[in-house]
Participant: 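Mind having a look at this structure? Questions to follow.
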Amino acid sequence: MSTAALGRSLVKVWRGYEHSLRTRPLQTQMVTSTILWGLGDLFAQRIDGKHNHDKLRTLSTAAYGGTVIGPIGHYFYMGMDKVVTRYLKIGTVGFVLAKVLGDELLFGPVHVGGYFAWMTLAEGGSLQDVKHRIQQDFIPTFMAECLYWPFIQGVNFWKVPVKHQLLVVNTACLADSTFLSWAKAQDDWTKDLPLPSFMKGHGKRATDQTAGDDTGSIAPS
């Protein structure tokens with residue numbers, strides 16, 4: 001295919017996406033999120049060196065993107081734009097900063113905690129397993145997210161129309177979902193990294209709790 005033909009094809013795809021976004025915005029965001037989150041898990045499994053592809057994990061990750069991130073992200077970014085626009089002038093430093101803070105402090109914790117809960121339950125874990133995973137990995141993972149997202153979201157909220165902001169987020173989520181899928185697949189992804197103590201997981205404490213429980217379940221803290 002020539003460069004010109006490829007360019008025409010991409011323009012046609014983009015116009016189709018724009019039309020779908022105008023006529024069926026929620027469904028379009030859900031489908032886009034499903035595809036990009038599924039791809040993120042595929043990349044994570046390649047990075048993890050998996051020779052046998054875990055199809056259930058990819059389907060669960062894609063389902064999380066489509067049924068959680070898609071609809072919640074759609075309404076969150078539209079709603080946040082309406083609220084912030086009411087009080088601050090579009091494009092100003094205060095406007096962008098308010099949206100970045102809103103994204104990190106409101107959407108971020110729900111996104112990280114929701115992902116670990118969703119994937120743990122999808123893999124057959126119990127609510128106690130969810131508690132253990134969040135106790136071990138939530139803080140270091142959320143801190144890592146806070147290093148990744150502010151710059152991306154700053155540019156996103158400054159330059160990108162609100163209807164396309166979730167697309168930017170989902171595209172950036174190719175890297176983010178790859179990281180989250182990889183982190184979820186590790187026993188304790190922070191243990192071998194040179195991180196500050198406050199970013200370290202609590203895998204040892206949880207392991208000690210498990211060892212002291214005759215039933216093999218994780219003892220409540």
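All of these numbers come straight from a predicted model, not from anything done at the bench.
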Participant: Atom CG in L97, atom CG in L101: separation rounded to 0.5 Å?
Facilitator: 4.5 Å
Participant: I'd like a table of donor-acceptor pairs (distance under 3.5 Å, sequence neighbours excluded) in which one partner is a side-chain atom from residues 112-119, with atom names and distances.
Facilitator:
from: Y115; atom 1: OH; to: S181; atom 2: N; distance (Å): 3.4
from: Y115; atom 1: OH; to: S181; atom 2: OG; distance (Å): 3.1
from: W118; atom 1: NE1; to: S60; atom 2: O; distance (Å): 3.0

Participant: Look only at the side chain of Y148 and the backbone of A172, and say whether a donor-acceptor pair between them is shorter than 3.5 Å.
Facilitator: yes
Participant: Flag yes if F138 and F107 sit in one hydrophobic cluster, no otherwise; membership is Ile, Leu, Val, Met, Phe, Trp, Tyr, and two members link when side-chain heavy atoms are under 4.5 Å apart.
Facilitator: yes
Participant: Quick check: are there more than 12 heavy atoms from other residues, nucleotides or ligands sitting under 6.0 Å from OH of Y75?
Facilitator: no
Participant: Under a 3.5 Å threshold, yes or no: a donor from one side chain and an acceptor from the other, between T120 and D129?
Facilitator: no
Participant: Are any non-hydrogen side-chain atoms of W149 and V100 less than 4.5 angstrom apart?
Facilitator: no
Participant: Between D81 and T85, which heavy-atom pair has the shortest distance, and what is it?
Facilitator: O-OG1, 2.5 Å
Participant: Where the side chain of T28 meets the backbone of S20, is there a donor-acceptor pair that is under 3.5 Å apart?
Facilitator: yes
Participant: With a 4.5 Å heavy-atom cut-off, do P71 and M30 have their side chains touching?
Facilitator: yes
Participant: Side-chain heavy atoms nearer than 4.5 Å, only ILVMFWY residues, links allowed to pass through others: does that put I35 and L21 together?
Facilitator: no
Participant: Are F76 and I69 close enough that some pair of their side-chain heavy atoms sits under 4.5 Å apart?
Facilitator: no
Participant: Could you check whether any side-chain heavy atom of Y64 comes within less than 4.5 Å of a side-chain heavy atom of S33, counting everything from C-beta outward?
Facilitator: no
Participant: Are the side chains of P150 and E104 in touch, meaning some heavy atoms are under 4.5 Å apart?
Facilitator: yes
Participant: So do the side chains of E123 and L56 get within less than 4.5 Å of each other, counting heavy atoms only?
Facilitator: no
Participant: Do any side-chain atoms of residues 152-160 form donor-acceptor pairs under 3.5 angstrom with protein atoms, and if so which ones, sequence neighbours left out?
Facilitator:
from: Q153; atom 1: OE1; to: N156; atom 2: ND2; distance (Å): 3.0
from: Q153; atom 1: NE2; to: Y77; atom 2: OH; distance (Å): 3.1
from: Q153; atom 1: NE2; to: D103; atom 2: OD1; distance (Å): 3.3
from: Q153; atom 1: NE2; to: D103; atom 2: OD2; distance (Å): 3.1
from: N156; atom 1: ND2; to: Q165; atom 2: O; distance (Å): 3.3

Participant: Around H19, counting heavy atoms of other residues, nucleotides and ligands shown, do more than 12 lie under 6.0 Å from its NE2?
Facilitator: no
Participant: For a quick check under 3.5 Å, do E18 and H164 share a side-chain donor-acceptor pair by atom type?
Facilitator: yes
Participant: Mind checking what makes side chain to side chain donor-acceptor pair (under 3.5 Å) contact with T61, not counting sequence neighbours?
Facilitator: none
Participant: Roughly how far apart are Q27 CD and T32 OG1, rounded to 0.5 Å?
Facilitator: 11.0 Å
Participant: Please tell me whether L88 and V162 are part of a single hydrophobic cluster in this structure, the criterion being side-chain heavy atoms less than 4.5 Å apart.
Facilitator: no
Participant: Do V96 and M78 belong together in a cluster built from hydrophobic side chains that touch within less than 4.5 Å?
Facilitator: no
Participant: Checking side chain to side chain contact (heavy atoms under 4.5 Å, CB included) for the pair T58/D54: CA distance, chi angles, key distance, verdict?
Facilitator: CA-CA 7 Å; T58 299; D54 187 340; 5.8 Å; no
Participant: Are I72 and V169 joined in one hydrophobic group, where the rule is that I, L, V, M, F, W and Y side chains link up if heavy atoms are under 4.5 Å apart?
Facilitator: yes
Participant: Sub-3.5 Å donor-acceptor pair from the side chain of T92 to the main-chain atoms of K89, do we have one?
Facilitator: yes
